[in-house]
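Read the numbers this way: they start at 1 and go in the same order the structure lists the ligands and their atoms. Computed from a prediction, not measured in an experiment: that's the story for all the values here.
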Amino acid sequence: MNYSWLGVLKAGLGGNQSWTPAWPDQEPREGYDVVIIGGGGHGLATAYYLARDFPGKKVAVLEKGYIGGGNTGRNTTIVRSNYLWDEAADLYEHALKLWEDLSEELDYNVMFSQRGVYNLGHSLQDMRDIERRVNANQLNGIDAEVVSTTELKQRIPIMETGAHTRYPVLGASFQPRGGVARHDAVAWGFARAAAARGVDIIQNCEVHALDIEAGRIRGLDTSRGYIRAGQVGSVAAGHSSVIAAMAGLRLPLESHPLQAFVSEPMKPVLHTVVMSNGVHGYVSQSDKGDLVIGAGIDSYSGYSQRGSPHLIDHAAAAILQLFPVFSRAKINRQWGGIVDVCPDACPIISPTPVEGLYFNCGWGTGGFKATPGSGHVFAHTIGQDSPHPLALPFHLDRFTTGALIDEHGAAGVAH
Ligand code: FAD
Ligand code: PYC
């Protein structure tokens, strides 16, 4: 292919007829060894690692809309691994290590930018929690430091930290290796690399029912017909409870809208990511220049990918208290996604009582950062029919044994 500007111009004017698609648009086959429900980042990553690590298996991803059109394409792309408890820290750090080589692994630029993530403290209790979490992170070999207000002001001069403000900033945790990535590129990169290894990516294919016989999965009824399946992995984020109900299972999940918005693009002004759990807001600046701002979840449960405007209003007001310099920026777009929230703010990565049926869900407001790690451990869990050691603590059993992993503090977004 000719990549000169003239070549690109000619191809564009000719309707890009000479370009090969990044992944083929597949018709469903009669059956597969493994079917993944959900073409978000996690589903596509699972398919990629299955194809890479279990090359004998024929794998398909079924997506009811277009790939990345769920939370993957709606999230605010913050990546970090500074979780409190060992089990969660290990899982998210595994993902962060994979992020560091992901563009190379996929031969696709996912624009992973390690610009650092600050989590602000606004009260003495916030600061005690931050110190505890930073200590725990350091013990787990995760880069983390406590930053004083004076230091913060030097690093982010446009941030209002003073004691007279509505949200005085008493300090922060900082993870230098945290940052952001380009969300669609993550979906596209995994799709392209998975397809290159023989995975069928089937869009506009909604799963309507699961065919279960004698306690074992046999196949799926879809909007494009019946598909046989030896194993099925559900990675459907906000719709996980809907899929579980098809198998007669009830998962400990609530689906809530989570909203975000972007400003008009502007010149580079904020070179890092700033989050505040207390204020219920966070902000970063995309490579395109828009301020990317989000809030806590809407308090009601539901499946509308919209949410209610007062949360956006609240988040904008809070961010403006911290960054009065943004007060004249215009809001360009607002949207919502549906997140599936677990009682302990940790995911479920687990086999189920139905043989051959597995769930990967419950990432709530924070699953984007886990995408490669989640896909990797879920692929192992399905491929070996046995949980990956990093996935074991996130087994469904924990809701009966009581071995919950409470990550509400580190989840970073209020729920
Ligand atoms: P999705 O991308 O939602 O993929 C699931 C797919 O399943 C969807 O494409 C859906 O169409 C498909 N599906 C559902 N039902 C069916 C069916 N019956 N048949 C076929 N397909 C089906 N996380 C972070 O780590 N950092 C952040 O900064 C961050 N910000 C966020 C901001 C917002 C506004 C939102 C909404 C979420 C945010 N998250 C963040 C959370 C993160 O987006 C999710 O945890 C993560 O993207 C989940 O990925 P996924 O691949 O599991 O889900
Ligand atoms: O989990 O870091 C996170 C996050 C930031 C915004 C939404 N989720």
Side-chain angles (χ1 to χ4, degrees), residues 35-46 61-83 92 95 99 117 119 175 178-181 183-184 186-187 190 202-210 220-224 234-243 245-246 255-262 273-277 280-284 292-298 303 305 307 311-312 315 334-341 345 347 359-371 374-375 378 407 410-415:
V35 169
I36 301 298
I37 308 173
H42 289 228
L44 293 162
T46 305
V61 177
L62 309 185
E63 166 53 49
K64 72 173 175 180
Y66 59 93
I67 64 162
N71 288 340
T72 298
R74 293 162 187 269
N75 87 95
T76 46
T77 78
I78 298 174
V79 175
R80 58 191 172 85
S81 65
N82 54 354
Y83 281 68
Y92 288 101
W99 275 111
V117 175
N119 292 87
Q175 182 173 25
V180 290
H183 45 14
D184 326 281
V186 175
F190 272 118
I202 304 163
Q203 304 183 80
N204 299 312
C205 183
E206 180 165 1
V207 174
H208 290 155
L210 299 178
L220 314 91
D221 272 321
T222 79
S223 54
R224 294 174 71 174
S234 171
V235 203
H239 286 87
S240 301
S241 314
V242 179
I243 307 287
M246 296 177 191
S255 294
H256 287 262
L258 177 68
Q259 303 183 70
F261 58 98
V262 287
V273 181
V274 178
M275 304 181 63
S276 165
N277 217 359
H280 293 194
Y282 56 90
V283 57
S284 67
V292 183
I293 298 176
I297 57 170
D298 281 71
Y303 292 105
Q305 288 180 317
L311 253 115
I312 292 296
Q334 171 275 338
W335 66 91
I338 310 158
V339 296
D340 49 349
V341 178
F359 272 82
N360 180 344
C361 56
W363 293 92
T365 59
F368 178 71
K369 68 174 76 63
T371 304
S374 155
F378 198 44
E407 283 292 359
V413 181
H415 47 51

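- Geometrically, ligand 1 and His239 share no nitrogen or oxygen pair separated by less than 3.5 Å.
- If you number the atoms of ligand 1 from 1 as listed, the ones under 4.0 Å from a heavy atom of Ala260 come out as 34 (C).
- Atom numbering of ligand 2 starts at 1 in the shown order; those under 4.0 Å from a heavy atom of Thr365 are 1 (O), 4 (C), 7 (C), 8 (N).
- Look at Gly41 and you'll find a heavy atom under 4.0 Å from some atom of ligand 1.
- Interface atoms of ligand 1 facing Gly366, defined by a heavy-atom separation under 4.0 Å, are 23 (N), 24 (C), 25 (O), 41 (C).
- Ligand 1 has no atom lying under 4.0 Å from any heavy atom of Pro257.
- Look at Gly364 and you'll find a heavy atom under 4.0 Å from some atom of ligand 1.
- Scanning Ala45, Ala295, Ala237 for the heavy atom closest to atom 53 (O) of ligand 1 points to Ala237.
- Using a 4.0 Å cut-off between heavy atoms, Lys369 contacts ligand 1 through both its backbone and its side chain.
- Remark: ligand 2 and Thr76 share no N or O pair separated by less than 3.5 Å (distance only, no angle test).
- Here the protein heavy atom with the shortest distance to atom 17 (C) of ligand 1 is Val207 N, 3.8 Å.
- The closest protein non-hydrogen atom to atom 7 (O) of ligand 1 is Gly38 CA, 3.3 Å.
- Here Thr77 has backbone heavy atoms under 4.0 Å from ligand 1, and that is the only part of it that gets that close.
- Nearest non-hydrogen protein atom to atom 49 (O) of ligand 1 is His42 CD2, 3.3 Å.
- Geometrically, ligand 1 and Gly367 share a nitrogen or oxygen pair separated by less than 3.5 Å.
- Listed by chain and number, the residues in a salt bridge (charged side-chain N to carboxylate O under 4.0 Å, His left out) with Asp221 amount to none (sequence neighbours excluded).
- The 12-atom threshold is exceeded at OH of Tyr303, counting heavy atoms of other residues, nucleotides or ligands nearer than 6.0 Å.
- Taking every non-hydrogen atom of Gly366 and a distance limit under 4.0 Å, the qualifying atoms of ligand 2 come out as 1 (O).
- Checked by distance only, ligand 2 and Tyr282 stay at 3.5 Å or farther apart across all their nitrogen or oxygen atoms.
- Close N/O approach between Phe368 and ligand 1 is found [any backbone or side-chain N/O within under 3.5 Å].
- In terms of polar-atom proximity, Lys64 is counted as a contact of ligand 1, with an N or O under 3.5 Å from an N or O of the ligand.
- Within ligand 1, counting atoms from 1 as listed, the ones closer than 4.0 Å to a heavy atom of Gly70 are 2 (O), 3 (O), 9 (O).
- Under 4.0 Å from ligand 1, the heavy atoms of Cys205 that appear belong solely to its backbone.
- Atoms of ligand 1 found under 4.0 Å from any heavy atom of Leu62 (numbered from 1 in listed order, with element): 20 (C), 21 (N).
- Taking any N or O of Gly336, backbone or side chain, none lies under 3.5 Å from an N or O belonging to ligand 1.
- Of the candidates Glu63, Gln259, Gln334, Glu63 brings a heavy atom nearest to atom 11 (O) of ligand 1.
- Between Ile78 and ligand 1, an N or O atom pair is found at a separation short of 3.5 Å.
- In Thr365, the part holding a heavy atom less than 4.0 Å from any atom of ligand 1 is the backbone.
- Looking from atom 4 (O) of ligand 1 to the surrounding protein, the closest heavy atom is Gly40 CA, 3.4 Å.
- Close approach of ligand 1 to Trp363 is summarised as follows: ligand atoms under 4.0 Å from at least one heavy atom of the residue are 45 (O).
- The heavy atom nearest to atom 3 (O) of ligand 1, considering only Asn71, Asp340, Val117, is found in Asn71.
- Between Tyr66 and ligand 1, no pair of N/O atoms sits closer than 3.5 Å.
- With sequence neighbours excluded, the residues satisfying side chain to side chain donor-acceptor pair (under 3.5 Å) with Ser240 are Asp340.
- Assignment of Ile243 to the shell around ligand 1 is supported, since a heavy atom sits closer than 4.0 Å.
- The closest protein non-hydrogen atom to atom 35 (C) of ligand 1 is Leu258 CD2, 3.4 Å.
- The aromatic ring centroids of Trp99 and Phe368 lie less than 6.0 Å from each other.
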